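To keep things clear, I will list the structure first and then write my remarks on it.
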Amino acid sequence: MHLEKYLNPEQKKAAETLEGPVLILAGAGSGKTRTITYRIANLLEQNVSPWNILAITFTNKAAGEMRERVDRLVGFGADSIWVATFHSTCVRILRRHADLLGYDQSFSIYDADDQKTLMKNICKEMNIDTKKLKEKTILNTISSNKDELVSPEEYDRMVGSDPIEKKIAEAYHIYQKQLKSNNAMDFDDLIVNTVRLFQKHPEVLASYQERFRYIHVDEYQDTNTAQFELVRLLADRYRNLCVVGDDDQSIYRFRGANIHNILDFEKNYPEATVIKLEQNYRSTQNILNAANAVIANNQGRKDKSLWTDKGEGHKVHFRLLSSQKEEAEFIAEDIARKIRKREAQYKDCAVLYRTNAQSRELEERFLYDNMPYQIVGGQNFYGRKEIKDCLAYLKTIANGNDDLMVRRIINVPKRGIGNTSVDKAAVYAANNEISLFDALAHADRIPGLGKTAQKMIEFAEMVERIRSRMEDAEYYDDLPELLDDVLNESGYLEDLRVSNDEEDADRIGNLDELISKAAVYEEKYAQENPEIETGPTLTDFLNEVSLVADIDNVSEENDRVLLMTLHAAKGLEFDHVYIAGMEDGLFPGDGSIFGGPEEMEEERRLAYVGMTRAKEELTLTAAGYRVMRGQAVNNPVSQFVREIPEEFLEGNLPRYRSFEDDFSGSGRYFDDDGYGRIGRRTDSIGRSAGSTAFCGTSGIGISRPKAPTPRRDVKPEDKPYAAIKSLGALKKGSALTAGTTDYGVGDRVRHIKFGEGVVKNMENRDGATYVTVEFDTAGVRVLSAAFAKLQKL
DNA sequence: GAAGGCGGTCTTTTT
DNA sequence: GACCGCCTTC
């Protein structure tokens with residue numbers, strides 16, 4: 001392989017150093033994925049079996065991209081390379097050996113929501129006043145312990161006499177016990193339990209060490225201690241461990257990432273080859289210089305300096321707007337301008353922000369302007385109530401020991417089974433050492449239930465019915481059908497259908513989308529596992545949906561602006577990047593400003609990550625007036641903006657560079673290309689901004705700004721948000737409305753379960769199409785067109 | 001057992 | 001301003 005044709009000398013060295021530990025310090029945009037891809041291709045060329053290669057990435061999306069690129073490069077064999085995230089890697093291993101840890105292979109995976117519910121119950125049991133000691137606090141402590149591989153017993157020994165800590169330690173014990181009895185693991189457990197598995201069962205570890213002779217870890221700066229230990233164990237035999245990372249891009253300290261894993265790699269692996277990739281292929285010089293200047297304020301970094309041979313490019317744009325509304329408007333208009341001038345397509349643009357809450361203002365504006373966009377994160381699809389409910393049904397079917405899920409759905413939809421009765425059943429279950437579900441199935445044996453007992457039994461029978469049907473070979477393969485059954489037989493769908501609540505129509509759409517996702521997953525599974533004939537199991541599907549990140553669902557194919565947090569943007573790049581809310585108090589947030597230098601440095605790395613996403617143009621914006629947590633604030637311009645030397649900046653940056661400087665001026669204007677057109681507006685905003693920009697910090701108060709004067713006759717806020725939102729929903733088009741119904745009234749159709757029949761009526765209600773079918777044998781039924789998937793005959 | 005209303009409390013960032 | 005938990009009422 002002529003690596004020198006495709007790689008620079010450092011990259012080439014990285015791709016050629018195949019044996020022993022390798023640390024690749026890959027600066028932003030330095031072509032690390034490219035390098036790793038070629039390294040893997042090179043391994044294959046040296047006759048290393050793809051079966052022996054492991055690559056761990058941060059997101060499924062990154063994993064998919066890496067696999068695809070290797071595939072393209074080597075043509076074949078890439079399928080057998082194990083490319084996955086930490087969490088999905090662990091799930092795959094754990095499912096195979098769950099019994100060794102006392103788990104069943106169909107264990108549930110709990111997300112943050114589930115964890116909180118569980119902890120809430122525990123606090124109730126322990127009589128913990130959750131006003132004094134919040135569930136979240138307990139869970140955070142438990143999580144940090146797990147990140148550091150500290151077991152409940154070890155934590156016992158670590159806590160002193162502090163009564164709160166002692167309570168947490170006790171809660172940790174109970175929490176783990178309940179997870180186990182529910183046959184469930186939280187995210188952290190996936191890593192911790194895999195490490196424990198390896199520690200307790202050397203023969204299992206040995207088999208994986210033999211298999212994974214060449215290990216790659218991407219985004220190594222974001223690994224925590226547990227993940228470090230996992231990798232260390234796996235690599236311990238062959239020591240062919242190649243880690244790639246950038247200490248300047250470590251932004252997950254809050255979830256246990258230990259920056260010393262990368263800083264001290266050479267201490268842990270003294271024989272390591274260290275390679276620095278310092279040439280940036282992504283950004284123009286101005287952008288890079290600005291980012292370098294900001295990150296230079298951090299102490300204790302690995303010494304490196306990024307350079308580029310790209311031209312100077314545009315200066316970094318900065319705009320101080322008077323309010324968050326004006327900020328959103330500016331960004332939307334600026335993107336529209338670039339589209340008009342054919343400088344960009346929507347998909348070349350991304351808007352980044354520090355907190356998810358900021359997305360709303362932007363979204364409203366984008367909807368108002370009819371600009372295509374996609375928000376990554378925020379209210380996760382899988383976090384929605386109806387989706388969680390549906391998944392809780394599925395988890396109950398897959399894992400009857402999961403009391404938490406049973407509790408969630410036992411009375412959804414309403415079955416007249418209240419909390420008091422469920423508690424009675426739970427007590428009975430505990431006394432008889434059976435699961436809650438089994439107790440419900442035999443509710444007639446539980447004293448004091450009255451009529452409720454029968455309702456419980458009916459519920460249990462309904463679940464049993466679906467479960468046993470699923471275990472038929474025929475059904476096992478058909479996830480969409482299974483979901484369809486669950487939604488129909490549980491009465492969940494009917495409940496939404498008869499509801500007058502507008503939101504419930506959306507919910508039906510979301511459930512429809514979940515079914516589509518199940519179908520897509522089946523297809524994907526069949527492609528990825530051609531050797532397996534049976535298709536994915538329900539547990540496979542549940543694992544998959546538990547481990548998807550929001551970013552995984554972003555496809556390049558759609559032409560739309562992406563909106564996401566700075567964290568979500570890591571690893572991505574765009575021609576045009578906007579970072580909104582560059583204000584002290586928001587970014588960096590108050591927590592970081594007052595949280596000490598370490599916090600501040602992490603925040604600065606986040607700024608660095610954000611800025612280095614930009615290839616061509618980087619635009620930073622701030623609002624002099626904004627509503628945070630329902631409170632009006634006047635934030636000063638972010639210190640990160642002030643850390644950028646003037647020569648790389650353009651815009652209406654206020655004249656002062658620090659609070660000691662002159663802050664009475666109306667702001668200075670730099671001139672650059674393209675912005676002349678909005679001079680008039682900038683001017684007026686500039687003036688008002690000039691008087692509002694410095695309130696709120698250092699006691700140098702200048703008068704509170706007046707409410708910004710509306711510049712248009714119609715502003716987005718004139719329309720109720722919900723109306724705009726549904727407009728957006730329509731535009732996006734749910735599968736329900738967009739679904740192709742090639743049949744009409746009078747046509748003969750076939751339903752997968754009810755057989756053949758004649759369409760009697762079709763009507764649109766709440767944005768969904770309902771079809772009335774007179775079946776030959778199953779009678780007259782009203783079906784949702786999207787769900788029923790009727791086939792025209 | 002269900003539904004609606006009131007008041008308190010927060011918010012980073014996520015696999 | 002949103003969510004959650006607790007309370008009251010039917």
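Small disclaimer: the values here were computed from a predicted structure and weren't measured. Note that these values count all heavy atoms, side chains included, but never hydrogens, waters or copies made by symmetry.
Aromatic ring centres of A/Y368 and A/F366: separated by at least 6.0 Å. Separation of the A/H567 and A/Y353 ring centroids does not fall under the 6.0 Å cut-off.
Geometrically, A/K517 engages A/F381 in a cation-pi contact, judged by NZ or CZ lying under 6.0 Å from the ring centre and within 45° of the ring axis. Cation-pi geometry between A/R605 and A/Y608 is not satisfied (NZ or CZ under 6.0 Å from the ring centre, within 45° of the ring normal). Stacking of A/K570 on the aromatic ring of A/F58 is recorded, both the 6.0 Å distance cut-off and the 45° axial limit being met.
With no hydrogens or angles considered, a side-chain donor-acceptor pair links A/N182 and A/Y110 at under 3.5 Å.
Along DNA chain C, read 5' to 3', the first and last nucleotides having any atom under 4.0 Å from a heavy atom of chain A are C/dG1 to C/dG5.
Between A/M119 and A/I122 there is a side-chain heavy-atom pair separated by less than 4.5 Å. Looking only at side-chain heavy atoms (C-beta outward), A/H216 and A/V244 stay at 4.5 Å or farther from each other.
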- Item | Footprint string (nucleotides 9-15 of chain B, 5' to 3'): B base within contact, S backbone only, - free, heavy atoms under 4.0 Å | -SBBBBB

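Residue contacts for A/T420: at a heavy-atom cut-off of 4.0 Å it reaches the sugar-phosphate backbone alone, with no base atom in range.
Nucleotides B/dT13 and C/dC4, compared at atom P, are 15 Å apart to the nearest Å.
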